[in-house]
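Have a look at the structure below, then the notes.
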Amino acid sequence: MFSTEDARKLARKKLPRLVFDFVEGAAGKEVTSARNESCFDEILLQPRVMADVSQRSLVTRFLGRDYDLPFGVAPMGMCNLVRPRADKLVAEAARLHNIPICLSSAASSPIEDMRKWAGENAWFQLYVGHSVESSLQMVERAKLAGYETLVLTVDVPQLSRRPRDQRNGFDMPFRIGPKQFFDFATHPVWSLTSLICGVPKPQNFISEDGDDKFVRRASRAGADWQFLDRLRDIWPHHLIVKGVMSADDALRIQRSGADAIYVSNHGGRQLDSAPSAISTVSKIRAAVGQGFPLIFDSGIRGGEDVIKALASGADFTMLGRPILYALGAEARVGLNSLIKLFAEDMSLAMAQLGVANVEDINESVLLERSPTVGEKLNTSLQFASSQA
Ligand SMILES: Cc1cc2nc3c(=O)[nH]c(=O)nc-3n(C[C@H](O)[C@H](O)[C@H](O)COP(=O)(O)O)c2cc1C
């Protein structure tokens, strides 16, 4: 495994189609998901020579803490589907590499367990599901468990239609018909280990009376402006708002007292005509001003992408699908290899850019960005109207 693509290919072989597609799939025709990646390739970096880059450091300060690397693990529900105990493996990797891991509300591991496994590296992500009160209960649990960073996800007012999941009959709880049975039977290693360890299910929506309350397609629109104000009042630690793609929204979130904004289009899993997330960062940076903490995900597939995100205005980044590909490919070994690959690629690229520290990565390392199709269209429309 020498790249995210290697991990993806291996995971594709080893995982049942239903599971691999749950990870890789996206909304609609999956155009935004693809655009997230291709837009990174259009960004060019400016090589520089003869700087003293013999010693390089990737240590990054974010929200008052030093992390060894400028990236962490994005919140992802049901990671244990990819590999039994995946959440625990990620937690161990987070401690080992001193990076944050954000546990999803929809995770198949309890809030309290993740805090024990990952220690202070654990963040918690909140969905406001069909009941605002049960979401607030989760916030209380996170507070009691000792979490100091809460990420409120706001870009899933309603879960989007993901055709791959529909085709495969993916749902929660699992329904096993002939199609799924065949899929599992042709991936016996995954099926046996999952059977032995127990089929994963969302752990954090379970109420005290034992009811499993997770309804995947229920509205999550309870995460509105009033809720944000309420959350700000009751959550005394760091509060990050995730899924922001508009400068106007970013400004309002900044005014409401959030500690950071998380620029993301959910990996293209929500709106298939959204701009690439990376093309939005610089606009949001310009709106919130220098110094306001910005975090970024969606489309990062290698160390150079992390540099591009930081150079575009992010202070920190998160990895999504690459983490699950690596786990699906080679479990703990795959995960650690992938994190090391990202770190090594970043460090090597920094050497080429004449930059020794992460804090010195800024827009000066960007050479140019060839216009995206959307921008080309915009320019030609402007030209056409100026001619008219
Ligand atoms: C399988 C999967 C599950 C996800 N679950 C959640 C979730 O529970 N909460 C959340 O805020 N984001 C969730 N996301 C979105 C990620 O946090 C992140 O924004 C996205 O994966 C970034 O895109 P990329 O993986 O293409 O880089 C999920 C993404 C994937 C792939």
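Only heavy atoms go into these numbers, but all of them, side chains included; no hydrogens, no water, no symmetry mates. Order of listing sets the numbers, starting from 1, for every ligand and every atom in it.
Looking at ligand 1, you won't find any N or O of A106 less than 3.5 Å from one of its N or O atoms. Between D297 and ligand 1, an N or O atom pair is found at a separation short of 3.5 Å. The shortest N or O to N or O distance between P75 and ligand 1 is under 3.5 Å. For L324, no nitrogen or oxygen atom sits less than 3.5 Å from a nitrogen or oxygen atom of ligand 1, counting backbone and side chain alike. Residue-to-ligand polar distances keep Y262 apart from ligand 1: every N/O pair is separated by 3.5 Å or more.
Neither the backbone nor the side chain of M78 has any atom closer than 4.0 Å to an atom of ligand 1 (non-hydrogen atoms only). If you look at Q125 next to ligand 1, the close heavy atoms, those under 4.0 Å, all belong to the side chain. Neither the backbone nor the side chain of M318 comes within contact range of ligand 1; no heavy atom lies under 4.0 Å.
Electrostatic pairing of D66 and R61 counts as a salt bridge here, judged by a charged N lying under 4.0 Å from a carboxylate O. Under a 4.0 Å N-O distance rule, the pair E140/K143 qualifies as a salt bridge. One finds a salt bridge joining R285 and D315 here, because a Lys/Arg side-chain nitrogen approaches an Asp/Glu carboxylate oxygen to under 4.0 Å.
Ligand 1 has no atom lying under 4.0 Å from any heavy atom of E37.
Cation-pi geometry between R95 and W117 is not satisfied (NZ or CZ under 6.0 Å from the ring centre, within 45° of the ring normal). For the pair R269 and F22, the cation sits on the ring face: its NZ or CZ lies under 6.0 Å from the ring centre, inside 45° of the axis.
Counting atoms of ligand 1 from 1 in the listed order, those under 4.0 Å from a heavy atom of S264 are 19 (O).
For atom 12 (N) of ligand 1, the closest heavy atom belonging to the protein is K242 NZ, 3.0 Å.
There is no side-chain donor-acceptor pair under 3.5 Å between S347 and D345.
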